Amino acid sequence: MKKITVTIAGPRGRMGREAVQLVKETDHFSLISVIDHKNDVNMDVPVYTDIEQCFKDKAPDVLIDLTTPEVGYLHTKTSLEYGVRPVVGTTGFSHDELQELRELAQSKNLGCIIAPNFAIGAVLMMKFSQMAAKYFNDVEIIELHHDQKLDAPSGTAVKTAEMIKEVRTEKQQGHPSEKETHEGARGANIDGMHIHSVRLPGLIAHQQVMFGAEGQTLTIRHDSFNRGSFMSGVKVSVETVMNLETLVYGLENILD
């Protein structure tokens, strides 16, 4: 099997360190460079602070980006412009940014995968929630993450709400005369659904989707207790992106 050459952006982060280990341990992957805003990173491959110079020198097959929303968007766009296929675990992209990247990927006939969550269990949680929403119209999402997470609500929560929206009749939940005595108490509102974000040290990535109906509730929950839980999805994405010619948003779209 031909090796897939990989560059990783954000190798010093907690997710980035796991990704470096994954690529090194996978026989048909080859780590050829990393991108970081510091050039004194202790790595056994070249470290670049300039993404364009990295692509000119190394021309990897795939970029794994695990940075921040602002940097991740620029990295993804630059990757596609240089013919490199991005696999992006950064969340927080706007609809306009996703559409721009999708059009760029299609114009280049290049695969691009942007996944709010790489954990297989989290993807199943979203799929099961979409299934349940056909029968339960009242739903609230509670996402819980570590206190260093920059975006709220999480990309996983937003993606879950978007998937539920596809099958749910829009409804403003709660009492029609409901009033927040403290602003934000009911959380974010997407299509009448409420999303609540919790940020605490000790957490990694957790989400529960709660459905309610007359006389019953249903809760679907997923927990990631370490960042190694995301690596199976990263591996599948790197392998799959090589055979795509457009942008795919969400790991559920590439799983059987």
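Here the structure is a predicted model, which means the values were calculated and not measured.
- Between Asp138 and Lys171 the shortest heavy-atom distance is OD2-NZ, 2.8 Å.
- Across every non-hydrogen atom of Ala205 and Phe230, the tightest pair is CB-CZ, 3.9 Å.
- By the 4.0 Å N-to-carboxylate-O rule, Lys24 lies close enough to Asp44 to be salt-bridged with it.
- Hydrophobic clustering, with ILVMFWY side chains joined whenever heavy atoms are under 4.5 angstrom apart, keeps Leu110 apart from Ile254.
- When all heavy atoms of Tyr249 and Pro116 are compared, the closest pair comes out as OH-CG, 3.4 Å.
- Thr240 contributes atom OG1, which lies 9.5 Å from atom NZ of Lys235 (distance to the nearest 0.5 angstrom).
- Atoms OG1 and CD1, from Thr160 and Ile190 in turn, are 9.5 Å apart once rounded to the nearest 0.5 Å.
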Could you check Ile164 against Val209 for side-chain contact (heavy atoms from CB on, under 4.5 Å), going step by step and ending with a plain yes or no? CA-CA 10 Å; Ile164 289 173; Val209 185; 4.2 Å; yes
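- You'll find the side chain of Glu162 reaches within 4.5 Å of the side chain of His95, heavy atoms only.
- For the pair Lys58 and Pro46, the tightest heavy-atom approach, listed with the atom from each and the gap, is CE-CG, 3.7 Å.
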From CA spacing to verdict: side-chain contact (heavy atoms from CB on, under 4.5 Å), Thr49, Ile35: CA-CA 6 Å; Thr49 57; Ile35 299 169; over 6 Å; no
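- The shortest side-chain heavy-atom distance between Val84 and Asp61 does not fall under the 4.5 Å cut-off.
- With Arg227 contributing its side chain and Ala19 its backbone, the two residues share no donor-acceptor pair below 3.5 Å.
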Using the rule given for side-chain contact (heavy atoms from CB on, under 4.5 Å), can you reason through Leu244 versus Ile113, listing the C-alpha separation, both sets of side-chain angles and the distance that settles it, and then say yes or no? CA-CA 9 Å; Leu244 298 176; Ile113 295 175; 3.8 Å; yes
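- Looking at Phe29 and Glu239, their side chains come closer than 4.5 Å, going by heavy atoms from C-beta outward.
- Other residues, nucleotides and ligands place no more than 12 heavy atoms under 6.0 Å from the CG atom of Asp27.
- The backbone N or O of Arg186 lies less than 3.5 Å from a partner atom in the side chain of Glu180, making a donor-acceptor pair.
- We find the CZ-OG distance between Phe118 and Ser229 to be 12.0 Å, quoted to the nearest 0.5 Å.
- Atom OG1 of Thr76 is separated from atom CD1 of Ile114 by 5.0 Å, given to the nearest 0.5 angstrom.
- Across all their heavy atoms, Thr5 and Ala59 have their closest contact at OG1-O, 4.3 Å.
- A salt bridge links Lys159 with Glu252; the closest basic N to acidic carboxylate O contact falls under 4.0 Å.
- Legend: salt bridge (Lys or Arg N to Asp or Glu O under 4.0 Å) pairs involving residues 188-210, not counting sequence neighbours, sorted by first then second residue: Glu143-Arg199, Arg168-Asp191.
- Atom NZ of Lys149 is surrounded by more than 12 heavy atoms from other residues, nucleotides or ligands within 6.0 Å.
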Pair His145-Gln207, side-chain hydrogen bond (donor to acceptor under 3.5 Å, both in side chains): steps then yes or no: CA-CA 9 Å; His145 283 81; Gln207 180 169 295; over 6 Å; no
Apply salt bridge (Lys or Arg N to Asp or Glu O under 4.0 Å) to the pair Glu170 and Lys165, showing each step before the final yes or no. CA-CA 7 Å; Glu170 183 178 355; Lys165 183 178 176 180; over 6 Å; no
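- Thr90 contributes a side-chain N or O that, together with a main-chain N or O of Thr67, makes up a donor-acceptor pair within less than 3.5 Å.
- Looking only at distances, a side-chain donor or acceptor of Ser154 sits under 3.5 Å from a matching main-chain atom of Ala157.
- Using a 4.0 Å cut-off between charged side-chain N and carboxylate O, Glu100 and Lys77 make a salt bridge.
- Asp223 places no side-chain N or O within donor-acceptor distance of the main-chain N or O of His206, the cut-off being under 3.5 Å.
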Apply side-chain hydrogen bond (donor to acceptor under 3.5 Å, both in side chains) to Glu52 and Thr78, showing your working. CA-CA 7 Å; Glu52 294 193 46; Thr78 303; 5.4 Å; no
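- For the pair Cys112/Leu80, a side-chain contact is recorded, criterion being any heavy-atom separation below 4.5 Å from C-beta on.
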If you apply the rule side-chain hydrogen bond (donor to acceptor under 3.5 Å, both in side chains), what do you find for Asp36 with Tyr48, and how did you get there? CA-CA 6 Å; Asp36 196 283; Tyr48 289 85; over 6 Å; no
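- Counting heavy atoms from C-beta on, the side chains of Ile195 and Ile141 come closer than 4.5 Å.
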Evaluate side-chain contact (heavy atoms from CB on, under 4.5 Å) for His222 paired with Thr156, printing each intermediate quantity in order. CA-CA 11 Å; His222 176 262; Thr156 299; over 6 Å; no
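- Contact check for Ile120 versus Leu255: side-chain heavy atoms found under the 4.5 Å cut-off.
- Listed for the Asn189 side chain is a donor-acceptor partner under 3.5 Å among the backbone atoms of Gly192.
- In the hydrophobic clustering of this structure, Ile32 does not group with Val34; members are Ile, Leu, Val, Met, Phe, Trp, Tyr whose side-chain heavy atoms approach within less than 4.5 Å, directly or through other members.
- Proximity of Arg85 to Leu63: side-chain heavy atoms (C-beta onward) are nowhere separated by under 4.5 Å.
- Criterion: ILVMFWY side-chain heavy atoms under 4.5 Å apart, direct or through other members. Under it, Val198 and Leu150 are not part of a common hydrophobic cluster.
- Arg17 CZ to Arg12 CZ: the interatomic distance, rounded to the nearest 0.5 Å, is 9.5 Å.
- Residues Val248 and Val88 do not share a hydrophobic cluster, defined by chaining ILVMFWY side chains whose heavy atoms lie under 4.5 Å apart.
- Using a 4.0 Å cut-off between a side-chain N of Lys or Arg and a carboxylate O of Asp or Glu, Glu18 and Arg14 do not qualify as a salt bridge.
- Crowding of Met131 atom CE: a count of heavy atoms from other residues, nucleotides or ligands under 6.0 Å not exceeding 12.
- A continuous path of hydrophobic side-chain contacts links Met125 to Phe211 [ILVMFWY only; heavy atoms under 4.5 Å].
- Taking CD1 of Ile8 as the start and CG of Asp65 as the end, the distance is 10.5 Å to the nearest 0.5 Å.
- Within the structure, side-chain hydrogen bond (donor to acceptor under 3.5 Å, both in side chains) pairs that include any residue of residues 122-136 comprise Gln130-Glu166 (at least two apart or interchain).
- In terms of heavy-atom proximity, Ile204 sits nearest to Ser224 at CB-O, 3.1 Å.
- His28 NE2: more than 12 foreign heavy atoms inside a 6.0 Å radius.
- Within the 4.5 Å cutoff, the side chain of Met242 has heavy atoms near those of the Val62 side chain.
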